[in-house]
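Notes for the one structure printed next.
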Amino acid sequence: MLQKISHFMRQANFIDGDWVGADSGATIDVVNPATGSAIGTVPRCGEAETRRAIEAAKRAFHSWKKTSADHRAKLLRKLHDAIMDNQKALAELLVLEQGKSFAEAKGEVGMSAAYVLWYAEEGRRVYGDLVPSPWADRRILVTREPVGVVGAVTPWNFPSSMLARKLGPALAAGCTAVAKPASQTPYSGLAWGVLCEEVGFPNGVVNIVTGSASEIGDELCTNPLVRKITFTGSTEVGKTLIRKTAGTVKKVSMELGGNAPFLVFDDADIDRAVEGAVAAKYRNSGQTCVCTNRFFVQAGIYDRFVERLAAEAEKLRVGPGMDEGTQQGPLIDDNAVAKVEELIGDATKKGGKVVAGGARHALGGTFFQPTVISDATPDMRFMQEEIFGPVAPVFRFETEEEAVSLANDTVYGLACYFYTGDLGRAFRVMEGLRYGLVGVNEGIITTVEAPFGGLKESGLGKEGGHQGIDDYLDTKYVCIGGLGL
Ligand SMILES: NC(=O)c1ccc[n+]([C@@H]2O[C@H](COP(=O)([O-])OP(=O)(O)OC[C@H]3O[C@@H](n4cnc5c(N)ncnc54)[C@H](O)[C@@H]3O)[C@@H](O)[C@H]2O)c1
Ligand SMILES: O=C[C@H](O)CS(=O)(=O)O
């Protein structure tokens, strides 16, 4: 049945099948980034509530892990259908708390459903092995079993699909979960509690808690009942969580920060490169982990590319996410705007030229003009710092070797893109770039069928693809004797 946004906007936490407040009664305000006005509150839960959620997940795990993969797949397919039936309301809720355009929000909700459907089926293909035994009287089995209770922590920029990428494989594998959404965008996460409850997941299988990130995070990372932490967010916080899980040797999956290079060679199709550049830079107003952070353009095509990119950036429609035709919503908060302004200031001090945008938008608040900066140089902060905003610094290069070296000169290794018409160059560059995701003549490459995840300080593990369920499974070797064979 179609529901309205109010049906999903829960100002409570979902623990063991109940909707509850914080023990203290404390709450956190949730703000609409397009207007700065409060849209509601959520409980400010902490250690005690999180412990109860973990204990509920542990209780539920004992029976959930014994369900068949087919049974779990049936429930996940119902969840997929419920998400798609309510795509409009869920997208409206996402726009309200995160600010992105309605079109992008609908796309994110659709991607969330796609992850659920993908893992509904992947869960039925968790095969083991019957290994040829070296002993005539024994048989060797290798089985794969759900790891147990999973702690999931997600970011504000994709509050629905980042949770889907975790709950989908976790539930399909037979795990149970305690999820903490970002405080800026809690409602899209809590909506998963509404959906799972209505679809019929048993109490305790999915728990959603909001509140003190450090208190909730510490309990998730140190409670021995939690056997895996899956995190999407900044590299800095990811490192903190890895350190805190060491005490109980938990499995960890880390989807962390990025610093994506976008290389354009002289032999590229410039129309295709500009189209890909706009998509890879300005999606979610530049607030995605795979957004281009550094454009490297070969000297022969540099001026034309800069001119074309600037013209396209200036055409982008900036406005509130629900307004017809909006392509660029607000940045998430004032800190994000201040960071963007700092980086632009650093660049212009070092010789960069603002050729499009460069300032706060006339709409005020946290709206910012889509920006292009030419004459970028490696001494600028863009080179090493994730912008996470609608700013496109364009660096010039002469040779292929120089471009690959510049592109790899970062601690990050999540996504990269390059445009060329030369097949040999495509293979040389693809093999030379140290990144987990590579777009060749494409600027948008994320899909549920492919493994998403970074190298180096961009993370550990993969989400999506057939690989994405592996991190929720333990492998068990069984040697069977006494069979009288
Ligand atoms: N690799 C990916 O798939 C991916 C996807 C989206 C975002 N990101 C990255 O996330 C960052 C932006 O998101 P963000 O600002 O929400 O990141 P963040 O690291 O500040 O927060 C992410 C989540 O961690 C929580 N958190 C913060 N401190 C914590 C602590 N001490 N213990 C436990 N939890 C804690 C936050 O409340 C939030 O829920 C960017 O760096 C972006 O590149 C990566
Ligand atoms: O911000 C990071 C997300 O993973 C982006 S995507 O929608 O998965 O490409």
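Atoms within a ligand are numbered from 1 in the order they appear, just like the ligands themselves.
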In this structure, does ligand 1 have an atom that sits under 4.0 Å from one of the heavy atoms of [X]?
X: Gln184; result: no
X: Phe388; result: yes
X: Leu241; result: yes
X: Gly453; result: no

Any N or O of [X] that comes nearer than 3.5 Å to an N or O of ligand 1?
X: Ser234; value: yes
X: Ser458; value: no
X: Lys244; value: no
X: Gly217; value: no
X: Thr240; value: no
X: Ser183; value: no
X: Thr232; value: no
X: Leu256; value: yes

message: I need the atoms of ligand 1 closer than 4.0 Å to a non-hydrogen atom of Val237, numbered in the order shown.
response: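 By the 4.0 Å cutoff, the relevant atoms are 19 (O), 26 (N), 27 (C), 28 (N), 29 (C), 35 (C).
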For the residue pair [Y] / [X], report whether a side-chain donor-acceptor contact shorter than 3.5 Å exists.
X: Ser458; Y: Lys456; answer: no
X: Ser112; Y: Ser160; answer: yes
X: Ser234; Y: Glu236; answer: no
X: Asn293; Y: Asn259; answer: yes

Ion pair present between [X] and [Y], side-chain N to carboxylate O less than 4.0 angstrom?
X: Arg52; Y: Glu55; answer: no
X: Arg51; Y: Glu47; answer: yes
X: Arg308; Y: Asp271; answer: yes
X: Lys350; Y: Asp346; answer: yes
X: Arg59; Y: Asp16; answer: yes

Below 4.0 Å, non-hydrogen atoms only: which portion of [X] touches ligand 1? Side chain, backbone, both or neither.
X: Met162; answer: side chain
X: Phe158; answer: neither
X: Thr154; answer: backbone

task: Name the option, out of Glu255, Glu386, Gln287, Lys180, that contains the heavy atom nearest to atom 41 (O) of ligand 1.
output: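 The nearest heavy atom belongs to Glu386.
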Which option wins on minimum heavy-atom distance to atom 6 (C) of ligand 1: Asn259, Asn157, Thr210, Val153?
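Among Asn259, Asn157, Thr210, Val153, the closest heavy atom to atom 6 (C) of ligand 1 comes from Asn157.
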Quick check on ligand 2: any N or O pairs to the protein under 3.5 Å? One line per pair.
{"residue": "ligand 2", "atom": "1 (O)", "partner": "Asn157", "partner atom": "ND2", "Å": "2.9"}
{"residue": "ligand 2", "atom": "1 (O)", "partner": "Cys289", "partner atom": "N", "Å": "2.8"}
{"residue": "ligand 2", "atom": "4 (O)", "partner": "Arg165", "partner atom": "NH1", "Å": "3.4"}
{"residue": "ligand 2", "atom": "4 (O)", "partner": "Arg165", "partner atom": "NH2", "Å": "3.2"}
{"residue": "ligand 2", "atom": "7 (O)", "partner": "Arg283", "partner atom": "NH1", "Å": "3.1"}
{"residue": "ligand 2", "atom": "8 (O)", "partner": "Arg165", "partner atom": "NH1", "Å": "2.9"}
{"residue": "ligand 2", "atom": "9 (O)", "partner": "Arg283", "partner atom": "NH2", "Å": "2.7"}
{"residue": "ligand 2", "atom": "9 (O)", "partner": "Thr446", "partner atom": "OG1", "Å": "2.5"}

inquiry  = Just checking Phe388 against Trp156, ring centres under 6.0 Å apart?
reply    = yes
CE (Met254) and OG1 (Thr235) are apart, to the nearest 0.5 Å, by 10.5 Å
To the nearest 0.5 angstrom, please state how far the OG1 atom of Thr288 sits from the CG atom of Leu414.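 The distance works out to 8.5 Å.
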- Message: Does the plane of the ring in Phe295 sit parallel, tilted or perpendicular to the ring in Phe262? Use 30° and 60° as the thresholds.
- Response: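 The arrangement is tilted - the two ring planes meet at 30° to 60°.
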In Lys166, Lys251, Arg165, the residue satisfying side-chain hydrogen bond (donor to acceptor under 3.5 Å, both in side chains) with Thr230 is Lys166
Report the nearest protein non-hydrogen atom to [atom]: residue, atom name, distance rounded to 0.1 Å.
atom: atom 33 (C) of ligand 1; result: Ala213 O, 3.3 Å
atom: atom 15 (O) of ligand 1; result: Trp156 NE1, 2.8 Å
atom: atom 9 (C) of ligand 1; result: Gly233 O, 3.1 Å

Going by a strict under-4.0 Å cutoff (protein heavy atoms only), does atom 39 (O) of ligand 1 have a neighbour on the protein?
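Answer yes: something from the protein, a heavy atom, is under 4.0 Å.
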Using atom types as modelled and distance alone, determine if a side-chain donor or acceptor of Glu219 lies under 3.5 Å from a backbone N or O of Ile216.
no
Would you kindly check if the NZ (Lys) or CZ (Arg) of Lys228 is within the cone defined by 45 degrees around the ring axis of Tyr472 and under 6.0 Å from the six-membered ring centre?
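Yes, a cation-pi geometry holds between Lys228 and Tyr472.
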